[in-house]
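Numbering starts at 1 and runs along the sequence shown.
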Amino acid sequence: MNYREDERRWKQMMDILTAESNGREPKPFTSQRTLFGIPSEVEKSLEALVAADEQAQRERLAEEAKAQGALETVQHPLDPIYDQHSEILILGTMPSPVSREVGFYYGHPQNRFWRVLAALFDEPVAQTNEQRTDQLLRHHIALWDVLASCTIHGASDASISDAVPNDFSSILATAPIRAVFCTGAKATELYNKFCAEETGIPAIKLPSTSAANAACRLPALVSAYRAILPYLTPPTLPVLNVDEVVALEQRIAAAGTPLAELMERAGCSVAHRAHELWRQRVEHAGSTQVCWEEATREALDLDDCARRGTLTILCGSGNNGGDGWVAARDLAALGHHVILVSLKAPEDLHAEPARETALGLAPVLEEAGVTVEINPSLDRLKELLAKSDGVIDGLLGTGFTGTEVRNPLDEWIEAVNRQHARGSFVLAIDVPSGLSAQTGSAAATTICATATATMLVAKPGLLTEEALPFVGNLFVEPLAYLEPLLTGEEGPSSGIAAAPTKEQTPPQP
């Protein structure tokens, strides 16, 4: 081999390692040494020698890179997520450096895995590790990776060597796994090579959700991941009396999810539901084409068309008012112009965790440009509502009973209903104000909602014939992984059948 040929091959080796470290496929080696386009026996022998030499160069270069720290041997640091209800197993290759740093799967902020699950299940994007664990277990999804250890350069799957697979026997012995899905080509390749024969379950390939897979946009990812849905049994939640829901909240808190965290999740769910109602409004108004054009841009995915809404949130002095404060933050972050109208100033609230939540969020909302009005006059309220494309009702919660709503809330409710009649959507938090969540009886002034987002489980009053005109479409927002807390318990004393966990569309009056 002459010097120029050796230099050429060395450059090709460097190009390959650079391409692989950047997550790209390297160009294959080619030879132009042919006789009339057909390799001779001599040429074939030369090709074999060149290939052997190139492999040796590659191995030497890899060893040098490893010595310089470009490659590292990684031990999988995360426990698998699963329980006895898990029905599918989703596997990646090995947690990325960012995921290892944050201590959870798909932890890079640009990885779209959690956005895909949120879209699949019509939920807000889980933000914390605890929320993500809850989401997985609620939907009977187990999560882990194919490899227990490997040598790898950064997050480049293409650079993986010395692969050692994980042992899936504990998961398979505990959970009724019906299918195994692998995220990306490398995970699928490694699973088929090391694990498929042992587990007896073939891999179903899913596209990678990494930002490096930029050719696959979010809508296409969501469409591809719908393949998991036929293998999952949708969770079925009971209908619980109001006092049983209060007891359930205490059990959730005792199990490790504080009431303040439940309020955070409830507010995020309200914001998600209001944002979806606004998107539907935009589409029905004839802006669908604009929405879909903007949806081709990865970061937007149909959201930018919904960034000019004016949404007014009415917050009472109870904890569903606290949900409204959280929703205001998230809706402002989505680009909506948000008006928050509160019956009382944060420091004058008594219900917890609503008081601490409102106190903590007041400066955040001010910085985000949210308009906050404390106990405005009726005329001022009407002026604010007249600007609103949507209204969120967080005035009265599930504890309300009676036939009359006290002033000024009765006048506020009437003003909201008039704005609803003018075309604004109305979303009720937990229960429409003025309606009994227990019995379904309505006070003289009761919110007529487009939709109701009720928390944890449905309450019996929301499902009565009398309540239907006030509830609108009913969405049950689970908020927490309830199955272990409800397993083995007797059915609710109300005797009503289990409720759907998403949308119920009642007949319109």
Side-chain angles (χ1 to χ4, degrees), residues 134 138 235-267 269-270 315-324 326 349-357 393-406 409 428-443 446-447 449 452-468 470-471 474-502 504:
D134 268 9
R138 275 193 288 110
T236 301
L237 299 174
V239 178
L240 296 182
N241 293 325
V242 171
D243 59 341
E244 293 173 321
V245 175
V246 174
L248 178 61
E249 290 175 345
Q250 296 302 320
R251 294 181 65 187
I252 294 170
T257 303
L259 295 180
E261 170 63 16
L262 279 184
M263 179 167 288
E264 170 71 19
R265 298 183 188 184
S269 294
V270 170
C315 298
S317 55
N319 279 329
N320 64 336
D323 298 345
V326 175
L349 297 172
H350 297 292
E352 291 291 2
R355 183 177 187 277
E356 288 301 314
T357 297
D393 162 37
L395 294 175
L396 299 172
T398 58
F400 173 81
T401 57
T403 59
E404 300 291 335
V405 175
R406 294 180 180 176
L409 295 188
I429 301 177
D430 225 359
V431 59
S433 293
L435 185 75
S436 168
Q438 183 62 36
T439 67
S441 61
T446 298
I447 289 286
T452 297
T454 198
M455 306 304 159
L456 295 175
V457 297
K459 292 81 180 174
L462 300 176
L463 303 178
T464 63
E465 195 72 27
E466 181 183 1
L468 294 182
F470 304 100
V471 172
L474 178 62
F475 295 89
V476 179
E477 314 291 349
L479 304 186
Y481 182 36
L482 302 179
E483 210 158 351
L485 300 177
L486 298 172
T487 300
E489 294 182 346
E490 295 182 359
S493 59
S494 61
I496 299 177
T501 56
K502 277 299 166 190
Q504 167 191 313

**OP:** For Glu483, enumerate each residue passing the salt bridge (Lys or Arg N to Asp or Glu O under 4.0 Å) test, keeping only those at least two apart in sequence or located in another chain.
**Re:** none
Original post:
For the residue pair Pro484 and Tyr481, what are the closest heavy atoms and their distance?
Top reply: CG-CE2, 3.4 Å
Original post:
Just wondering, do Ser441 and Glu466 contact through their side chains at under 4.5 Å, heavy atoms?
Top reply: yes
Subject >> Ala443 versus Val405, closest heavy-atom pair with distance >> reply: CB-CG2, 4.0 Å
Original post:
Looking at residues at least two apart in the chain, or sitting in another chain, which of them share a side chain to side chain contact (heavy atoms under 4.5 Å, CB included) with Ser269?
Top reply: Pro124, Glu477, Leu479
**OP:** Measure across Met263 and Val326 and return the closest heavy-atom pair with its distance rounded to 0.1 Å.
**Re:** O-CG2, 4.1 Å
Original post:
Rounded to the nearest 0.5 Å, how far does CG of Leu456 lie from CD of Glu244?
Top reply: 13.0 Å
Residues 428-435 side chain polar contacts: donor-acceptor under 3.5 Å, at least two apart:
residue, atom, partner, partner atom, Å
Asp430, OD1, Thr454, OG1, 2.8
Asp430, OD1, Met455, N, 2.9
Asp430, OD1, Lys459, NZ, 3.0
Ser433, OG, Asp393, OD1, 2.6
Ser433, OG, Asp393, OD2, 3.2
Ser433, OG, Leu396, N, 2.8

**OP:** List in chain and number order the residues that pass salt bridge (Lys or Arg N to Asp or Glu O under 4.0 Å) with Arg355, two or more places apart in sequence or in another chain; answer none if no residue qualifies.
**Re:** none
**OP:** List for me each residue that meets side chain to side chain contact (heavy atoms under 4.5 Å, CB included) alongside Thr257, sequence neighbours excluded, and say none if there are none.
**Re:** Ile252, Glu261, Leu262, Arg265
Subject >> Closest non-hydrogen atom pair, Ala437 against Val242 >> reply: CB-CG2, 4.0 Å
**OP:** Please test Thr398 against Val246 for side-chain contact (heavy atoms from CB on, under 4.5 Å), starting from the C-alpha separation and ending with a verdict.
**Re:** CA-CA 10 Å; Thr398 58; Val246 174; 5.8 Å; no
Original post:
What are the two closest heavy atoms between Ala351 and Ser317, and how far apart are they?
Top reply: CB-O, 3.7 Å
Subject >> Which residues share a side chain to side chain contact (heavy atoms under 4.5 Å, CB included) with Gln250, sequence neighbours left out >> reply: Leu259
**OP:** Kindly give the heavy-atom pair with the smallest separation between Val457 and Pro238, and that separation in Å.
**Re:** CB-O, 3.4 Å
Original post:
Does Val471 offer a backbone N or O that forms a donor-acceptor pair with the side chain of Thr452 under 3.5 Å?
Top reply: yes
